[in-house]
Amino acid sequence: MAEHLTKVLIIGSGPAGYTAAIYAARANLEPVLVTGMQPGGQLTITTDVENYPGFADVIQGPWLMEQMRAQTENVGTKVVYDYIEKVDFSQRPFVCTAQSGDVFIAETVIISTGAQARWLGLESETAFRGFGVSGCATCDGFFFKNKPVAVIGGGNTAVEEAIYLTNHASHVTLVHRRDSLRAEKMLQDRLLAHPKITVLWNHVLDEVIGQDHPKAVTGARFKNTLDGSETHLDIDGLFIAIGHDPATQIFKNQLELDPEGYIVCSSDTRTSVDGVFAAGDVQDKVYRQAVTAAGQGCMAALEAEKFL
């Protein structure tokens, strides 16, 4: 068990955490970054990335995260491969305890633990994740130009994703397990009036169908929740839009969280505790992009420097 003293502790290692580390290191704050269980976050399970500025050709998500990690280390960040299990924000300096037993004592903390897309948990869904099955329309919609796709869900996210996908796909089928949507009325009206969208009511995903060489989705089988009958759709893409879960378990009773569990932040990344900042998907449920997460990471580091 070791004790680490730092001016800035960064918890989490996606685009937000790595960017915060780069800015903090360049401000001579000698930051320590604890990676968490999935170093690189959601981008490590994203194959083709086309919308991160600065790269003319398609890049791979894991490669981009490796480059960011190398950059954080090159500018002087101490990267620790561990997982923070407990935090005490009741007084400064803040005390954070890792899985290994190591204790991090920090004057400021930047939280960038991210969020995970919720999945249905089907074997076939997992098998084709990244090969036609996606949790983000704005990230992957472009790959389905003039192709039929389906979206699963009935809330605001699902309806927004379905409407967004009409910019790319030839047709969008929204599949919902009930006979009415939970989304806001205005969004529902736009969806139901759209000529490129069909709604498949009272159905759940039964199986994703696809091929292995090259690996790709070719269709999906859905089951009727009322009579058990099956419907097959020929689709090239399947978007699961049943919500996200922010990684904020350890911050309950330490920071103000919203009803969905996201950290409540002011526009300058400050949380309800002075000296604790949050960046990326752990506090942002609107944009959820690598580039906005990186921007917030930069803001958090600059705010931490100002605070110190």
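Side chains are part of it too, since the values below use all heavy atoms of this structure and drop only hydrogens, waters and symmetry mates.
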Enquirer: Of all residues at least two apart in sequence or in a different chain, which pass the ring pair (Phe, Tyr, Trp, His ring centres under 6.0 Å) check with Phe142?
Expert: none
Enquirer: By the ring pair (Phe, Tyr, Trp, His ring centres under 6.0 Å) test, which pairs, at least two apart or in different chains, include something from residues 182-232?
Expert: none
Enquirer: Can you list every salt bridge (Lys or Arg N to Asp or Glu O under 4.0 Å) pair that touches residues 125-143, not counting sequence neighbours?
Expert: none
Enquirer: Look at the aromatic rings of Phe89 and Phe94 and report parallel, tilted or perpendicular, splitting at 30° and 60°.
Expert: perpendicular
Enquirer: I need the full list of ring pair (Phe, Tyr, Trp, His ring centres under 6.0 Å) pairs touching residues 277-308, with sequence neighbours left out, sorted by first then second residue.
Expert: none
Enquirer: So that I know where these two stand, are Phe143 and Phe131 an aromatic pair - ring centroids less than 6.0 Å apart?
Expert: no
Enquirer: Which pairs, with at least one residue in residues 131-235 and sequence neighbours excluded, count as a disulfide (SG to SG under 2.5 Å)?
Expert: Cys136-Cys139
Enquirer: Sort and list the pairs that fulfil salt bridge (Lys or Arg N to Asp or Glu O under 4.0 Å) and have at least one residue in residues 74-90, not counting sequence neighbours.
Expert: none
Enquirer: Test of understanding: with ring pair (Phe, Tyr, Trp, His ring centres under 6.0 Å), list the residues that count as partners of Tyr164, not counting sequence neighbours.
Expert: His168
Enquirer: Just to verify, what does Ala56 make a side-chain contact (heavy atoms from CB on, under 4.5 Å) with, not counting sequence neighbours?
Expert: none
Enquirer: Enumerate the disulfide (SG to SG under 2.5 Å) contacts for residues 230-308, please, sequence neighbours excluded, ordered by first and then second residue.
Expert: none
Enquirer: Salt-bridged, Arg288 to Asp284, with N to O below 4.0 Å?
Expert: no
Enquirer: What pairs of residues pass the salt bridge (Lys or Arg N to Asp or Glu O under 4.0 Å) test when at least one of them lies in residues 146-165, not counting sequence neighbours?
Expert: none
Enquirer: Restricting to pairs with a member in residues 221-234, which pass salt bridge (Lys or Arg N to Asp or Glu O under 4.0 Å), not counting sequence neighbours?
Expert: Asp206-Arg221, Glu207-Arg221, Arg221-Glu230
Enquirer: Among all residues two or more places apart in sequence or in another chain, which pass the side-chain contact (heavy atoms from CB on, under 4.5 Å) test with Gln188?
Expert: Leu181, Ala183
